[in-house]
Chemist: 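One structure, pasted below without further comment.
Numbered from 1 within each chain, the chains take letters A, B, ... in sequence-line order.
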2 protein chains.
Amino acid sequence: MDFRQLTYFMGVASELHFSKASEKMFIAQPALSRQIQQLEKELGVLLFERDKRNVKLTPAGEYLSNEAQKILSQLDHIKHRTQLIHNGEEGEIRIGHPGSAIYSVIPPLLSALKLFFPNIKTNLSEMLDSSVIEALKKHEIDVAFIRELHPDKYLTSKVVFREPFALILPESHAINENNFESLAQVKNDNFILPPRNSSSVYHDLLLRICEREGFLPNVVHESNYGATILKLVEHNLGVSVMPISYKFSSAIKVKFIEIKNVPERTNLSIIWRKDDTNPVLKHFLKVSDSLDFSDGHLLK
Amino acid sequence: MDFRQLTYFMGVASELHFSKASEKMFIAQPALSRQIQQLEKELGVLLFERDKRNVKLTPAGEYLSNEAQKILSQLDHIKHRTQLIHNGEEGEIRIGHPGSAIYSVIPPLLSALKLFFPNIKTNLSEMLDSSVIEALKKHEIDVAFIRELHPDKYLTSKVVFREPFALILPESHAINENNFESLAQVKNDNFILPPRNSSSVYHDLLLRICEREGFLPNVVHESNYGATILKLVEHNLGVSVMPISYKFSSAIKVKFIEIKNVPERTNLSIIWRKDDTNPVLKHFLKVSDSLDFSDGHLLK
DNA sequence: ATCAACTTATGCTTTTTAGGCATAAATAGA
DNA sequence: TCTATTTATGCCTAAAAAGCATAAGTTGAT
């Protein structure tokens, strides 16, 4: 049973006339007759009752024509969707990201993606930098945002966003936007930071700044999650330094004071498998290229 | 896109290895490679990523393999059911019948049909003899039970059941099983019968009997429907003569007295289109042939 | 009754497609 | 570097499909 035969069968079934059907399908009538005969022979089923004058469907033919109709249109549909997927216009992309990215690049990126590729689904997983590499290699995600880059043979990455740090203070803290001048002013405060091993960027950059200011921060609490750190600050357990995009996290009773007049910035990079040929990824990268994540642009 | 190609594609998709797949499907590996290439070319879609060492599905190939799987098994199913229908083991038969047949041949016939052909559906339409011929010719029904035969070029019929008449009396009537001897005893009663034009059998047979007994029945009500006649008798509006199988209609307050000692009988025939090739009909006729509807057998 | 018109089936030939074999090309691993 | 492995390509053969001519059967008109 061949799709060609099935198509021919549908032609005859709708015309109930071999000659007319053969014209419509641009083949000679004997060829058509024989294809139908073959189909009937293969099935062991008479599909048409024909005398020399009239052609009509048998009950089995009736049934087959209904079902074949469905199958053929399903097939068209599948063909079409396969092509969409090939072109990357349909599909899913699984994105790993640090919590902070939710406050910066992710919203405009998803909007743009939806706009240009309405049939691409996204699947977001918040994860720590330390899990991202493994998740990519295990094919658990297709692309990720990451703050800290480790060169890797199988991965490619690109910086997409660069932002200053902010000093995070409890509402009641004496320092504010107006009287803040440098980190030296909090040299005696307790600090809450991510653990050194899971995220060396903050540490190293912060240490560099502090070093210039002539002190070492006294870390009394550690947490991997930005939201947790914010809560601890809110409860007066210390101060912190975080990417300024956390300002948009609607954290309450906490002050964000941009640390200006220092060169240090934190990067957000996008990272993916070098050999990933999924066309959806290409579109994702294209869309993220097209957006302007330049410093501050998204932080208004 | 060809059914064969899809099957080959599924073979490679499940093995992810052209050579192994080709062995499993008993064709040479180059032939298989080429068929996949053709499919890819036709779709304009890369289905496998192959380097010289590994073969894996692209996202589009992944999608297609899921869908093709479904399509192929659907197709198997359809093939099978088409064959069942061809063999008459599946399908529907639409049966026209007079109300009375519900009390005689229909129950055992449907049971037997269900037993031997569990996938044949039946569709019963109660109709008057006068509608049956037209309904058959319009293909509204496939077969019918009928009391009165009119020879017809396009129809074939066969008597399947023969039964005596019964005298139908209201419960209060003086005559009963014991004192009944002949119809002459009700010669002065009012009669309720079907109209002469719609069903001449009762009339003609009844008139023949009455004639022998030396009277003419006085018809005061007419109805086409047995159930109606029984109701009228129940309400003391007259007496009637009907096929004895109405005894099983659970009519209440009505007496059925078999008219013995007369040769007249009413036939129930089965009738169908001579040229009907529907295999379900063949089975239906075979089953009805196999049942013993001999006089009285079903009337215990 | 015969003939013309029409419709599907069959015989034969050509064209197209599929499949096989040998082998190239490429790559991983010893 | 060599071997084993695996997919792709060239070329030929075999099978299948399609075309053309025409047979065979049926209907309806003259």
Chemist: Does a side-chain N or O of A:Gln38 approach OP1 or OP2 of D:dA16 to a distance below 4.0 Å, or not?
Modeler: no
Chemist: Can you sort out the partners of A:Gln38 under side-chain contact (heavy atoms from CB on, under 4.5 Å), two or more places apart, ordered by chain and number?
Modeler: A:Gln5, A:Gln35
Chemist: For the pair made of CD in B:Glu40 and C1' in D:dA8, what is the distance, rounded to whole Å?
Modeler: 12 Å
Chemist: So which nucleotide from D:dA17, D:dC20, D:dT7 ends up closest to the side chain of A:Pro30?
Modeler: D:dC20
Chemist: OP1 or OP2 of D:dT7 sitting under 4.0 Å from any side-chain N/O of B:Ser33?
Modeler: no
Chemist: It should be established whether A:His17 places a side-chain nitrogen or oxygen under 4.0 Å from OP1 or OP2 of nucleotide C:dT8.
Modeler: yes
Chemist: Could you tell me whether the side chains of A:Glu92 and A:Thr122 share a donor-acceptor contact shorter than 3.5 Å?
Modeler: no
Chemist: Would one find a side-chain N or O of A:Gln35 under 4.0 angstrom from OP1 or OP2 of D:dA16?
Modeler: no
Chemist: Take the protein atom CZ of B:Arg50 and the nucleotide atom C1' of D:dA8, then report the distance between them rounded to whole Å.
Modeler: 9 Å
Chemist: Name the closest nucleotide to the A:Arg34 side chain, picking from D:dT7, D:dC20, C:dG20.
Modeler: D:dC20
Chemist: At less than 3.5 Å, do the side-chain atoms of B:Arg4 and the base atoms of C:dG19 form a donor-acceptor pair?
Modeler: no
Chemist: Report the nucleotide, chosen from C:dG19, D:dA18, C:dA9, that has the shortest atom-to-atom distance to any side-chain atom of A:Phe18.
Modeler: C:dA9
Chemist: Quickly work out the B:Asp51 CG to D:dT5 P distance and round it to whole Å.
Modeler: 17 Å
Chemist: Atom CG of A:Asn54 to atom C1' of C:dC6: distance rounded to whole Å?
Modeler: 11 Å
Chemist: Could you state the CD-C1' distance from B:Gln29 to C:dA24, rounded to the nearest angstrom?
Modeler: 12 Å
